[in-house]
Amino acid sequence: MHPLVLRDVERTYRGEAGDLPILRGANLTLAAGEIVALVAPSGAGKSTLLHVAGLLDRPDAGAVLVNGRDAGSLPDADRTAVRRDTIGFVYQFHRLLGEFTALENVMLPQTIAGRSRRQAAAHATALLGAFGLASRLEHLPGKLSGGEQQRVAIARALANGPKVLLADEPTGNLDVATAATVFQELLTIVRNQGVAALIATHNPELAARMDRIVTLRDGLTVAG
């Protein structure tokens with residue numbers, strides 16, 4: 001069973017100027033442990049596809065299968081539960097909570113999911129240590145570098161052991177050297193955990209380091 005399958009997904013935005021079709025029948029299958037690059041020009045719908053795949057947005061047509069279950073049409077509460085338990089999301093900008101330490105940011109999704117604070121702290125400490133942040137656990141985001149902030153954000157996305165990781169330009173806000181380092185750490189940890197990952201990137205060098213490339217063109221996914 002594949003962790004994530006998009007089947008003939010359509011999404012159209014409706015505004016005062018009329019309808020704007022973004023996804024016109026996109027198809028995608030992610031296998032466990034597979035890391036796929038999602039490549040497309042700006043405005044082509046990468047973020048829309050990720051939001052639909054991550055159950056943050058509903059498709060107008062088609063199916064979003066998460067572990068074989070059509071999650072795209074579930075009631076909001078059920079979609080939230082599937083997203084919390086199964087999907088991790090990393091954004092270009094870290095979206096960390098500024099009043100919480102690095103450790104607390106990674107603990108938070110775990111405690112929301114019902115893990116004790118002691119268990120959450122132990123797991124968060126291990127995850128942050130894997131990203132080389134063992135000495136930065138008690139730092140607030142504002143006291144961390146851009147690369148460190150994004151490492152914390154990735155650790156937070158992995159905190160609940162997701163089967164699927166979706167990342168929208170996760171290193172796009174970093175300088176070239178830092179981006180390369182953070183991206184390698186991301187690849188290593190995702191592979192070690194057997195997570196199915198879909199990573200949107202403009203960077204052809206980063207895309208080439210993944211297992212395969214999928215291009216979004218005219219609202220359709222095209223294998224690279």
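When a residue number appears, it is its place in the shown sequence, counting from 1. Nothing here was measured: the structure is a model prediction, and the numbers come from that model.
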Flag side-chain contact, heavy atom, 4.5 Å: [X] against [Y]:
| X | Y | answer |
| --- | --- | --- |
| V64 | P59 | yes |
| V66 | L4 | yes |
| L49 | L216 | yes |
| V106 | L127 | yes |
| M107 | L103 | yes |

A quick test of your reading: do over 12 heavy atoms of other residues, nucleotides or ligands sit less than 6.0 Å from [atom1] of [X]?
| X | atom1 | result |
| --- | --- | --- |
| Q184 | CD | yes |
| K46 | NZ | yes |
| R117 | CZ | no |
| R191 | CZ | yes |
| R7 | CZ | no |
| R14 | CZ | yes |

When you check the side-chain N and O atoms of T188 and E185, is any donor under 3.5 Å from an acceptor?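 Side chains of T188 and E185: no pair found under 3.5 Å.
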Return yes if a side-chain donor-acceptor contact under 3.5 Å exists between S145 and Q149, otherwise no.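 Note: S145 and Q149 side chains miss the donor-acceptor criterion.
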Within the distance-only criterion (no hydrogens, no angle test), does the side chain of [X] pair as donor or acceptor with the backbone N or O of [Y] below 3.5 angstrom?
| X | Y | value |
| --- | --- | --- |
| N160 | P162 | no |
| H202 | V39 | no |
| Q150 | G146 | no |
| T215 | R217 | no |
| Q193 | V190 | no |
| E169 | Y91 | no |
| N105 | L97 | yes |
| R156 | V90 | no |

Do [X] and [Y] land in one hydrophobic cluster if side-chain heavy atoms of ILVMFWY residues count as linked below 4.5 Å?
| X | Y | result |
| --- | --- | --- |
| L56 | V52 | yes |
| V5 | V214 | no |
| L108 | L144 | no |
| L187 | L158 | yes |
| I189 | L186 | yes |

So which heavy atom on [X] is nearest to which on [Y], and how close?
| X | Y | value |
| --- | --- | --- |
| F100 | P141 | O-CD, 3.0 Å |
| V9 | A63 | CG2-O, 3.5 Å |
| T111 | A120 | CG2-CB, 4.0 Å |
| G98 | L140 | O-CD2, 3.7 Å |
| L74 | D70 | CG-O, 3.7 Å |
| A53 | I87 | O-CD1, 3.9 Å |

I199 and V36: side chain to side chain contact (heavy atoms under 4.5 Å, CB included), yes or no, with the steps? CA-CA 6 Å; I199 302 177; V36 175; over 6 Å; no
Before you tell me yes or no, could you show the steps for H2 and L65 under side chain to side chain contact (heavy atoms under 4.5 Å, CB included), namely the whole-Å CA-CA distance, both residues' side-chain angles and the distance that decides it to 0.1 Å? CA-CA 8 Å; H2 292 98; L65 305 177; over 6 Å; no
Point-to-point distance, once rounded to the nearest 0.5 Å, from [atom1] of [X] to [atom2] of [Y]:
| X | Y | atom1 | atom2 | answer |
| --- | --- | --- | --- | --- |
| D60 | Y13 | CG | OH | 9.0 Å |
| Q119 | Q110 | CD | CD | 9.0 Å |
| T181 | D175 | OG1 | CG | 8.5 Å |
| R83 | D76 | CZ | CG | 8.5 Å |
| L23 | H51 | CG | NE2 | 11.5 Å |

Between [Y] and [X], is there a salt bridge with N-O shorter than 4.0 Å?
| X | Y | result |
| --- | --- | --- |
| D57 | R11 | yes |
| R212 | E34 | yes |
| R24 | E10 | no |

Please evaluate residues F89 and L165 with respect to the criterion side chain to side chain contact (heavy atoms under 4.5 Å, CB included), reporting the C-alpha separation (whole Å), side-chain torsions for both, the decisive distance (0.1 Å), and the verdict. CA-CA 6 Å; F89 214 112; L165 181 74; over 6 Å; no
Taking only residues two or more places apart in sequence or in another chain, which ones pass side chain to side chain donor-acceptor pair (under 3.5 Å) with N27?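 With sequence neighbours excluded, N27 shows a side chain to side chain donor-acceptor pair (under 3.5 Å) to D8, given in chain and number order.
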Set of side chain to side chain donor-acceptor pair (under 3.5 Å) partners for R69, sequence neighbours left out: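 If we apply the side chain to side chain donor-acceptor pair (under 3.5 Å) test to R69, skipping adjacent residues, there are no hits.
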Would you check, one step at a time, whether the test side chain to side chain contact (heavy atoms under 4.5 Å, CB included) holds for M210 with F183? CA-CA 10 Å; M210 297 187 232; F183 190 77; 3.4 Å; yes
T201 and its side-chain contact (heavy atoms from CB on, under 4.5 Å) partner, picked from L38, L206, D168: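 Result for side-chain contact (heavy atoms from CB on, under 4.5 Å) with T201: L206.
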